[in-house]
Protein chains: 2
Amino acid sequence: MDANKVPDIVVSRLPIYLRALNRLAEEGQKVISSQALGDQLSISSAQIRKDLSHFGEFGKQGTGYVIEYLQAQLRRVLNVETVWPVVLTGCGALGRALANYPDFHSEGFEIVALFDNAPHKIGETVANMCIQDVVHLPEVVREREIKVAILAVPASAAQKTADILVEAGIRAILNYAPISISVPPEITVQHIDPAVYLQWMSYYLESPD
Amino acid sequence: MDANKVPDIVVSRLPIYLRALNRLAEEGQKVISSQALGDQLSISSAQIRKDLSHFGEFGKQGTGYVIEYLQAQLRRVLNVETVWPVVLTGCGALGRALANYPDFHSEGFEIVALFDNAPHKIGETVANMCIQDVVHLPEVVREREIKVAILAVPASAAQKTADILVEAGIRAILNYAPISISVPPEITVQHIDPAVYLQWMSYYLESPD
DNA sequence: TAGATTGTTAATCGATTAACAATC
DNA sequence: TAGATTGTTAATCGATTAACAATC
C-alpha cells in the first residue's frame, strides 16, 4: 500500500487504464469489471486487480468498478487532480503541433509558455501564446513554479536545452528530440522517438523480397 | 538463439542500443564495452551482453564491441537493413511535422505517401508529396506492398482509418491518435500518446498545494 | 438466495544480476 | 604475458497468473 514501493511498471499502466475509462465514460458506461477492461486492453483481469490493489480497494464484489469513481481515484494517484503548467521548448513544426494538442488540459496539463532561440520566431503567436526567447525561460519557470517541460528542439540543441530546464527547476521532461539526454537522477525523463518504435515494430515484419 | 523466442522486452531495447551506437559512431568512436554503453543508458552491462547474446556473438573479449559491426548486426536483426516505405494518414499539424521528420530515412523508413479525407487538403503539397484522398490508400498500399503506416488522424477517425489500413494490408501501425484502436492480433501497433507519458511522470512529482 | 466479481495469497513464470571461465 | 571484457551459467529477484474465500 505504501505508494513509494509501487513498481514503475505498475504505475506505467495506470494512465492506460485511465484513458480507457475516460473513453468508456464518454460512451455513457457506468460500471466495468476487471475482466471487461482487460479484454479491451489485452491485459489479464488479475493484473488489473493486482495493480489497483496497490493503491486501495476501488471495486465492489459482484459488480466491478464504478467508472466515475475509479477515474477520480486514478487521477488522484497519478497526481493529475489539478492541471500542471507546462513549458514547451522548441517551436518548430512538432512543437507547434504539440502546442495545439487539444487533450492536454483534460488529462491534467496545460502548456503555458513557448520558447525558442531563433530570432525570427520570437514574438510570433502560436496557440494564443507569444513565443519567448529561451533566455527568459528560467525566470518564467521559477516565477510560476513550473515542474514539467516538453523538449521539442533539434537533436543538436537537446542537451543544452535540457541543462537549462534542469537548472531552472524543471522536474519532468518529455523529450521529443531524437537523442538521449543526460539529467540528474532525480529528474524524470520520458523519451518519445518514432524511429525507435518503428524499428521495434519492423522486427516483427517479414523482410521484403 | 531462435529469434522466435526472444522476449519482447529484449527486442524493445535493441533500437535504444542502436540509437546510442549511431551517436557514438558520429562522434568518431570505434569500439565500446558493454559497461560503457550501459553507463550511458543506465542499463547494466550484464543486461546488454545477455540481450545481444540472443542474436549471436558480436563482441571480443578484452576489447568490447566494434561499433560499426554491432550497428550493422542490430540493423539486420531489427529488419532495417533496407528502407521500409511508410504511408502517413492524417495531414494535420502533427502529420505535417512527421512528414518532415528528418531522421526516418537513416533509421530505415521513408514516408512515401500522404493521405487525408478533407477536400481542402487533398492536392496540397507537403514535404514534396501531394496529399491524396484516403479512398486511394488501398491501391497505393497494395501496389507498393507497403507494410507500415503512421496514424495521425483525430481520435474520432482513428478506428475507421485503422480498419482501412488493416484491410489494405498494413502490418504495423504507429498510432498517434489519442485513443486505443482495435486490430487483429497479427498486426503490430505502437501507441504514442503524450498525455500517457506526462501522467506517468506526474506520479513522481510532489503535488503542488 | 444465487450469481458475479473483487482483493489477496501462493504458485508460477520470466527477467535481471552476479560471477567467472574463456579468451582476445 | 597481464589486463580487460565477453558470453554464459546459476542464483536472485520481481512480476504475472491462477485460484478462491469474501462479499456485494
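Basis for what follows: all heavy atoms, side chains included, without hydrogens, waters or symmetry-related copies. Worth saying up front: this structure is predicted, and the values here are computed from it rather than measured. Letters A, B, ... are given to chains in the order of the sequence lines, protein chains preceding strands, and every chain is numbered from 1.
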Partners of [X] by side-chain contact (heavy atoms from CB on, under 4.5 Å), sequence neighbours excluded?
X: A/I48; value: A/Y17, A/S34, A/L37, A/I43, A/L52
X: A/Q190; value: A/L174, B/Y197, B/W200, B/M201
X: B/S106; value: B/D103
X: A/P184; value: A/V166, A/E186, A/I187

Residues forming a salt bridge (Lys or Arg N to Asp or Glu O under 4.0 Å) with B/R13, sequence neighbours excluded
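In terms of salt bridge (Lys or Arg N to Asp or Glu O under 4.0 Å), with neighbours along the sequence ignored, B/R13 is linked to B/D51.
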Would you please name every residue forming a salt bridge (Lys or Arg N to Asp or Glu O under 4.0 Å) with B/R144, sequence neighbours left out?
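Salt bridge (Lys or Arg N to Asp or Glu O under 4.0 Å) check on B/R144 returns nothing, list empty.
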Going by the rule ring pair (Phe, Tyr, Trp, His ring centres under 6.0 Å), which residues pair with A/Y101 if we only count those two or more places apart in sequence or in a different chain?
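Scan of A/Y101 (ring pair (Phe, Tyr, Trp, His ring centres under 6.0 Å), adjacent residues dropped) gives A/F104.
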Listed once per pair and sorted, the side chain to side chain donor-acceptor pair (under 3.5 Å) pairs that draw on residues 161-175 of chain A, sequence neighbours left out
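Residue pairs with at least one partner in residues 161-175 of chain A: A/Q159-A/D163.
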Hey, could you give me each pair passing side chain to side chain donor-acceptor pair (under 3.5 Å) that has a residue in residues 56-76 of chain A? Not counting sequence neighbours.
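Counting only pairs at least two positions apart or across chains, the side chain to side chain donor-acceptor pair (under 3.5 Å) contacts touching residues 56-76 of chain A are A/N22-A/Q71, A/Q73-A/R76.
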Scan nucleotides 14-24 of chain D nucleotide by nucleotide, 5' to 3', and note B when protein non-hydrogen atoms come under 4.0 Å of the base, S if they reach only the sugar-phosphate, - if neither.
-SBBBB--BBB
Mind pulling the stems DNA chain C is in, i.e. runs of at least three Watson-Crick or G-U pairs, everything under 3.5 Å?
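Correct response: C:3-24 with D:3-24.
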For DNA chain D, the residues among residues 16-29 of chain A that have a non-hydrogen atom under 4.0 Å from it:
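Nucleic-acid contacts, sorted: none.
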Using distance alone, with no hydrogens and no angle criterion, decide if A/R49 and A/S53 have a side-chain donor and acceptor under 3.5 Å apart.
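Side-chain D/A pair, A/R49 to A/S53: absent.
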